[in-house]
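Report on the structure given below.
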Protein chains: 2
Amino acid sequence: MASQRGEGETTTTAAEPADRDRARAIPEAAVARLAVYLRVLSGMADQGVNAVSSEELSQAAGVNAAKLRKDLSYIGSYGTRGVGYDVEVLVSHIERILGLTRNHSVAVVGIGNLGHALANYGGFPGRGFPVTALFDVDADLIGIPVGGIPVSHIDDITAVCLEREVSIGVIATPPPAAQSVCDRLVSAGVQCILNFAPVVLQVPDNVEVRKVDLAVEMQILSFHVARRADEAASVSVGNNGLGVDGMVIRP
Amino acid sequence: MASQRGEGETTTTAAEPADRDRARAIPEAAVARLAVYLRVLSGMADQGVNAVSSEELSQAAGVNAAKLRKDLSYIGSYGTRGVGYDVEVLVSHIERILGLTRNHSVAVVGIGNLGHALANYGGFPGRGFPVTALFDVDADLIGIPVGGIPVSHIDDITAVCLEREVSIGVIATPPPAAQSVCDRLVSAGVQCILNFAPVVLQVPDNVEVRKVDLAVEMQILSFHVARRADEAASVSVGNNGLGVDGMVIRP
DNA sequence: ATATGTGAAAAGTTTCACAGCA
DNA sequence: TGCTGTGAAACTTTTCACATAT
């Protein structure tokens, strides 16, 4: 069983040494940042900016310049020394690496509050991810269009996903339904799953799961609140008096 | 400016050597997993399970046993060799470490589709995170209760957040509004932000930002689809013929 | 006998610092 | 001169393997 990513976890793709692919291997962490660079670059392109330095781009993306350059080096050498990067060039190379040159048909399962929100994004953030199928168990919802797509019954998941060539399944069901929905998606050939249900999904190794877990995010923030409080409490003891931040509330 | 976490990124808390805190330092990645263990353990407790081994718990949490034990070792030694862990004991220690012994008042800004979904979670996944304030700019929404809380105008953000002692701000606005909303939250003393807007927020060092970025998640999945396709294409060439997976569609 | 807790090794990621090129 | 691209160093996280406790 493969384990799912998200929240700072790292790959455990087990087996598969990927031998000579080593050269082409892009660190998992870098992939996530490339997606961010892509958005920043797209925004710049829209504003007519056509060249950018690693310093500028890294600022806008919230990382440091060395990391940005290292990340970009994984996809090739597309900058000009002494000058910087051409925005359009970078955009197209990142799109290629991320596989955004083809469309990825998306199915959303569970048309509750969140499912509605997701379905209504329509085409999904950044496009290239058309939502082509919606599923629920609630009889009152079946056939009703949400964001332009009529809701299908969850029992038709296999047939509909195969027919519409769904490549990404989004699970927005209540927790108890999530594993069963996941199994059905997998048996419909879906190999990528984005899971919003607070459940650890068990999937075969060839399926990639990413999770978005509100409770976990909140708890991580809670941890930092607590840590901050601890630091504030002990700051008067062991500090050199220079960096008493952490209590500064209004900038 | 501090940079925000999420999607596999790692801390860059800059400065702050944290000297003698080294002993108490829990790796960022481990914190995220502790939250997952907590949920699994709570589920077990609800089902009347009261003891668990690292092997069982790690299975249920989707990690390996060694990692689980290492993670738990960061918070102390609460297991019994030759036996395992007491579920209740582990739950209470993880809750303590994550700062869940106190409530964290939450404000949601941007009551669109997503904001509605978030507000309606009511109490927020796993409780301990009561939603106490909602904000929007839309005059039609002001005063309307969503999930039991009336929507306030975004201009009142500072006053309301201070009054209700909001410690976590959730940004669910359209991208152009996000930075300005963030600035206002920060000036109301909010030090933890969960950002759903596809924007890189600039915040002072004492503010912790986590982001949930749909577009990035989809693009990471897209990358893996592409990588899989590449592997499948080149698998016939350099392989020993044993591990031709990646094409297995129905298990 | 069995399962934890943990040093030490391995793997992965970030930062440094500078050679190399426009 | 100025900024990219990248080896090598520093740091973090994961995995291993076994001493240790019950």
Side-chain angles (χ1 to χ4, degrees), chain A residues 2-3 5-19 21-23 25-34 36-37 51-59 61-87 89-90 93, chain B residues 2-3 5 7-19 21-23 25-34 37 51-59 61-87 89-90 93:
Chain A
S3 68
R5 323 285 164 63
E7 341 296 347
E9 277 165 55
T10 319
T11 312
T12 317
T13 321
E16 214 96 358
D19 310 307
D21 256 342
R22 197 54 64 204
I26 301 176
E28 193 66 19
V31 172
R33 288 190 299 264
L34 284 170
V36 174
Y37 306 154
V52 69
S53 70
S54 63
E55 188 57 41
E56 295 165 318
L57 181 50
S58 70
Q59 283 281 317
V63 303
N64 70 34
K67 192 190 280 182
L68 173 103
R69 290 204 300 277
K70 186 57 113 184
D71 287 345
L72 292 182
S73 80
Y74 294 126
I75 68 172
S77 301
Y78 304 113
T80 310
R81 292 171 195 234
V83 180
Y85 302 90
D86 181 285
V87 173
V89 168
L90 229 41
H93 282 291
Chain B
S3 69
R5 323 286 163 63
E7 340 295 348
E9 277 165 56
T10 319
T11 312
T12 317
T13 320
E16 216 95 359
D19 310 306
D21 258 342
R22 196 55 64 205
I26 301 176
E28 194 66 19
V31 172
R33 286 189 300 265
L34 284 171
Y37 306 153
V52 69
S53 70
S54 63
E55 188 57 41
E56 294 166 319
L57 181 50
S58 69
Q59 283 281 317
V63 304
N64 69 34
K67 193 189 278 181
L68 172 102
R69 288 202 302 277
K70 187 57 115 188
D71 287 345
L72 293 182
S73 81
Y74 294 125
I75 68 172
S77 302
Y78 303 113
T80 309
R81 294 173 194 231
V83 180
Y85 303 90
D86 181 285
V87 173
V89 168
L90 230 40
H93 282 291

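Chain A is the first sequence line, chain B the second, and so forth, proteins listed ahead of strands; every chain is numbered from 1.
Rounded to whole Å, atom P of dG5(D) lies 10 Å from atom CG of Leu68(A). Note: NZ (Lys67(A)) to C1' (dG5(D)) measures 18 Å, nearest angstrom. Atom CD1 in Ile26(A) sits about 14 Å away from atom P in dT6(D), given to the nearest Å. For the pair Tyr74(B) OH and dT4(C) C1', the computed distance is 15 Å after rounding to whole Å. The distance from atom CG of Asp71(A) to atom P of dT4(D) is 14 Å, rounded to the nearest whole Å. Atoms CG (Leu57(A)) and C1' (dG5(D)) sit 15 Å apart, rounded to a whole Å. In this entry the distance linking CG of Leu34(A) with P of dT14(C) reads 12 Å, nearest Å. To the nearest angstrom, P of dT14(C) lies 13 Å from CD of Glu28(B).
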| query | Base, backbone or nothing for each nucleotide of nucleotides 5-10 of chain C, written B, S, -, heavy atoms under 4.0 angstrom, 5' to 3'? | reply | BBBB--

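Distance from the side chain of Pro27(B) is smallest to dT13(D) among dT15(D), dT13(D), dT13(C).
Atom NE2 of His93(A) sits about 11.0 Å away from atom CG of Leu72(A), to the nearest 0.5 Å. Here the CG-OH distance, from Asp86(A) to Tyr78(A), works out to 13.0 Å after rounding to the nearest 0.5 Å.
Listed by chain and residue number, Ala65(B), Leu68(B), Arg69(B), Tyr85(B) satisfy the side-chain contact (heavy atoms from CB on, under 4.5 Å) test with Ser54(B) (two or more places apart in sequence, or in another chain). In this structure, the side chain to side chain donor-acceptor pair (under 3.5 Å) partners of Ser53(A), at least two apart in sequence or on a different chain, are Glu56(A).
Distances shown here put every side-chain N or O of Asn64(A) at or beyond 4.0 Å from the OP1 or OP2 atom of dT14(C). Using a 4.0 Å cut-off, some side-chain N or O of Arg33(B) falls inside it from OP1 or OP2 of dT14(D). Put simply, Ser54(B) has a side-chain N or O that comes within less than 4.0 Å of OP1 or OP2 on dT4(C).
Residues Ala30(A) and Asp71(A) approach most closely at CB-OD1, 3.4 Å, considering heavy atoms. Taking all atoms of both residues into account, the shortest heavy-atom contact from Leu57(B) to Val52(B) is N-CG2, 3.8 Å.
Side chains of Val63(B) and Tyr37(B) form a contact here, defined as non-hydrogen atoms less than 4.5 Å apart.
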